[in-house]
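Input: a single structure, listed below in structure tokens.
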Amino acid sequence: MSHLIDLTAKITEEMANHPNHGRSPLFLSGTRMNHEQAEDTWRGKGVDDLSLVNGFVYIAEHNGTHIDAPFHLHPDGKSIDDIALEECFGPAVWLDVSTAGPCGGIGPDLLERAAANADVKVQPGDAVLLYTGWDDYLPDDEVTYLENHPGLSAMGAQWIHERDVSVVGIDCGNVDIAGDVSMPAHRVLLRDGAPDSYTLIVENLRNINSIPSHRFIFNAAPLPLSGATASPIRAFAIIN
């Protein structure tokens, strides 16, 4: 029997968001109908016990747990609706890189050690999830979560990309090191080989270290948002 482990940040108006992408979401409930109005709609028409409510949610493409498309970095790269589902679902490993520390670079040496410690070999087509432990700072210390997190160095991103990894995910608000505005990891993964070669990026993951096996199945399927640079996802691990 399969067991599912949720790796997704709960979407709330108070959630931590990278400043480049603005403050969202905004929940507008009852924008079309609310329970009181709904009861009035059906009352006297033979239905006395029915009501409904619906609403509107405004959210940036890159807020919460989300996946980046190549178009985010490359004008000729695929937008999120052009990404095949097979690229976002399949075999995965998670690596413990929590020794990287504040604003630390996750490079090839750390990745090699983490893979050896986990007794896994990164295979072509794998998703690789990087456990830094940075989600432990939420919800109490949003500043540290957003402004002091580690990330992939340029060489670390190259290590990932050279192994033909489909997706790289991280439990930080950015796969790049906090404060590095040159975005070397994003460039290596989404721009340098695009439009033909790329590694998709998932950010703001949660609970990576709760996955009991270092090898599992990972889902990061996006919404088919036409022309979008990213999409919120419901990320989860499947353990057999």
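Nothing here was measured: the structure is a model prediction, and the numbers come from that model.
- With I160 as the fixed residue, the side chain to side chain contact (heavy atoms under 4.5 Å, CB included) test singles out one of V188, V165, V122: V165.
- Closest of all the heavy-atom pairs between F218 and A127 is CD2-CB, 3.8 Å.
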When you look at I211 and N209, which way does the side-chain contact (heavy atoms from CB on, under 4.5 Å) test go after all the steps?
CA-CA 5 Å; I211 305 171; N209 65 327; over 6 Å; no
V57 and L26: CA distance, side-chain angles, deciding distance, side-chain contact (heavy atoms from CB on, under 4.5 Å) verdict
CA-CA 6 Å; V57 181; L26 177 65; over 6 Å; no
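- Considering every non-hydrogen atom in both I177 and G151, the closest pair reads CG1-O, 3.5 Å.
- Relative ring orientation between H62 and H72 is described as tilted, the plane-to-plane angle lying within the 30° to 60° band.
- Residues meeting the side chain to side chain donor-acceptor pair (under 3.5 Å) test with H161, sequence neighbours left out: S197, T199.
- In this structure, L7 and A237 approach most closely via the heavy-atom pair CD1-N, 3.9 Å.
- Between L138 and A16, the shortest heavy-atom contact is CD2-CB, 3.9 Å.
- Judged as a ring-ring contact (aromatic ring centres under 6.0 Å, His included), and not counting sequence neighbours, the contacts of W134 are Y137.
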Can you check side-chain contact (heavy atoms from CB on, under 4.5 Å) on V168 and L152, steps first, answer last?
CA-CA 10 Å; V168 61; L152 283 170; 4.2 Å; yes
Where do I201 and H186 land on the side-chain contact (heavy atoms from CB on, under 4.5 Å) test, with the steps shown first?
CA-CA 8 Å; I201 296 170; H186 272 84; 3.7 Å; yes
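- Looking at heavy atoms from C-beta onward, W94 lies in side-chain contact with F216 at the 4.5 angstrom threshold.
- Of the possible polar contacts, one joining the S166 side chain to the D126 backbone as a donor-acceptor pair under 3.5 Å is found.
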Run the side-chain donor-acceptor check on residues 103-113: report pairs under 3.5 Å with partners two or more places apart or on a different chain.
unit_1, atom_1, unit_2, atom_2, d
E112, OE2, W159, NE1, 2.9
E112, OE2, R163, NH2, 3.4

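- Side-chain atoms of Y198 and P70, non-hydrogen and from C-beta on, do get closer than 4.5 Å to each other.
- Here the side chains of E14 and P139 are not in contact, with every heavy-atom distance at 4.5 Å or above.
- If you run side chain to side chain contact (heavy atoms under 4.5 Å, CB included) between L205 and each of L129, D135, I170, only L129 comes through.
- Every side-chain contact (heavy atoms from CB on, under 4.5 Å) that E147 has, sequence neighbours left out, goes to V143.
- With sequence neighbours excluded, the residues that form a side-chain contact (heavy atoms from CB on, under 4.5 Å) with N17 are M15, R23, N63.
- Scanning all heavy atoms of the two residues, the minimum distance from A69 to A228 falls at CB-O, 4.3 Å.
- Remark: the backbone N or O of A118 is not paired with any side-chain donor or acceptor of H214 at under 3.5 angstrom.
- Using modelled atom types, one finds a donor on one side chain and an acceptor on the other under 3.5 Å when comparing D141 with T144.
- With sequence neighbours left out, the side chain to side chain donor-acceptor pair (under 3.5 Å) criterion links T132 to D171.
- Within the structure, no pair that satisfies the salt bridge (charged side-chain N to carboxylate O under 4.0 Å, His left out) test touches residues 178-196, not counting sequence neighbours.
- You'll find the side chain of V93 stays beyond 4.5 Å of the side chain of K121, heavy atoms only.
- Residue pairs meeting the salt bridge (charged side-chain N to carboxylate O under 4.0 Å, His left out) criterion with at least one partner in residues 58-83, sequence neighbours excluded, are K78-E87.
- At most 12 non-hydrogen atoms from other residues, nucleotides or ligands lie less than 6.0 angstrom from CG of L85.
- Judged as a side-chain contact (heavy atoms from CB on, under 4.5 Å), and not counting sequence neighbours, the contacts of S231 are I80, P222, L223, L225.
- Using a 4.5 Å cut-off on side-chain heavy atoms (C-beta onward), S226 and S79 make no contact.
- Each of T65, D6, N219 was compared with R234 under the side-chain hydrogen bond (donor to acceptor under 3.5 Å, both in side chains) criterion, and only D6 meets it.
- At least one side-chain heavy atom of I5 sits less than 4.5 Å from a side-chain heavy atom of P212.
- Partners of S213 according to the side chain to side chain donor-acceptor pair (under 3.5 Å) rule, which considers only residues two or more places apart in sequence or in another chain, do not exist here.
- In this structure, M1 stands alone, with no Ile, Leu, Val, Met, Phe, Trp or Tyr side-chain heavy atom under 4.5 Å from its own, directly or through other members.
- Side-chain N or O atoms of H66 include one that pairs as donor or acceptor with a backbone N or O of G64 at under 3.5 Å.
- The ring-ring contact (aromatic ring centres under 6.0 Å, His included) search around H18 returns H21, not counting sequence neighbours.
- Inter-residue side-chain proximity for C88 and L200 is flagged as met; some heavy-atom pair is nearer than 4.5 Å.
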